[in-house]
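Here is the structure we will look at.
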Amino acid sequence: MINYSIILFGYMGVGKSYIGKKLSKKLMIDFIDLDNYIESHEKKSISNIFLEKGEVYFRNIENKYLESILNKNLKCVISTGGGTPCYSNNIELIKKNKDLKSFYLKTSSNQLSNRLFPEKEKRPLISSINSKKELNIFISKHLFERNVFYNKADYIIDIEKKNISKVLFEIKEKLT
Ligand code: S3P
């Protein structure tokens, strides 16, 4: 069994929760999805938090819940929200924690826009974008800004054109 936690970064739609869940099963450790954790503690969906309280409120509680999870010193896999490493002092909290290995799950804006367009209603940051082309432009710019933070992860895993077994294999390879 590993004696540290794993935290996954990456853009919306890259599969952080899906991959995180599978990875935790494989490693036989717990899984925490930060967005779900926030929703269950706030008793509201992320969309409703954005709608009722706004993004600044969301970023504040995202920071607070991340810190409280990290303070528990659990051995688990944590999947973050797409913006988590890019706001507050989250990246510093993560990087200074010696019991945490971070992974950036990376793919192209094309793959992201194909995945996200059909389910954009659930994502407050992109729900008002009307065409796939516009979404692709938005994601390309957004990724460019966010990559500064995502690239601070300990490891970068390119997931494009890889099935789940290959992605898990590549992550596990970094853990030995
Ligand atoms: C966000 C991503 C979402 C959620 C919120 C903000 C972002 O998480 O935290 O809507 O800023 O990219 P997912 O990446 O799990 O969709």
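Remember, predicted model here, so these are calculated numbers, not experimental data. Numbering of ligands and ligand atoms starts at 1, following listing order.
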- What atoms of ligand 1 come within less than 4.0 Å of a heavy atom belonging to Pro124? 10 (O)
- So, for Phe103 and Tyr155, is the gap between ring centers shorter than 6.0 Å? yes
- Note on the structure: Note: ligand 1 atoms sitting under 4.0 Å from heavy atoms of Arg59 are 6 (C), 7 (C), 11 (O)
- Taking atom types as modelled, is there a side-chain donor on Glu62 or Ser88 under 3.5 Å from an acceptor on the other? no
- Query: Looking at ligand 1, does any of its N/O atoms fall within less than 3.5 Å of an N/O of Arg123?
  - Reply: yes
- Message: Salt bridge check, Arg59 against Glu55: does any charged N sit closer than 4.0 Å to a carboxylate O?
- Response: yes
- Message: Check Lys64 with Glu67, please: is the shortest side-chain N to carboxylate O separation under 4.0 Å?
- Response: no
- Which pairs count as salt bridge (Lys or Arg N to Asp or Glu O under 4.0 Å) when at least one residue sits in residues 17-42, sequence neighbours excluded? none
- ligand 1 and Thr80, any nitrogen or oxygen pair closer than 3.5 angstrom? no
- Message: Please compare Val14, Ile46, Asp35 and report which has the shortest non-hydrogen distance to atom 13 (P) of ligand 1.
- Response: Asp35
- Which atoms from ligand 1 have a heavy atom of Leu125 less than 4.0 Å away? 7 (C), 11 (O), 12 (O)
- Would you mind checking if Glu170 and Lys166 are paired as a salt bridge, meaning a charged N to carboxylate O distance below 4.0 Å? yes
- Measuring from the heavy atoms of Glu119, does anything fall under 4.0 Å of ligand 1? no
- Task: May I ask whether Lys122 has any heavy atom positioned less than 4.0 angstrom from an atom of ligand 1?
- Result: no
- Tell me which protein heavy atom sits closest to atom 2 (C) of ligand 1, plus the residue, atom name and distance to 0.1 Å. Gly82 N, 3.3 Å
- Query: Does ligand 1 have any atom that is closer than 4.0 Å to a heavy atom of Tyr87?
  - Reply: no
- Query: So with a 6.0 Å cut-off around NZ of Lys95, is the heavy-atom count from everything else above 12?
  - Reply: yes
- Query: Between Tyr150 and Tyr104, what is the ring plane arrangement, given parallel below 30°, perpendicular above 60°, and tilted in between?
  - Reply: tilted
- For atom 12 (O) of ligand 1, the closest protein heavy atom turns out to be Arg146 NH1, 2.7 Å
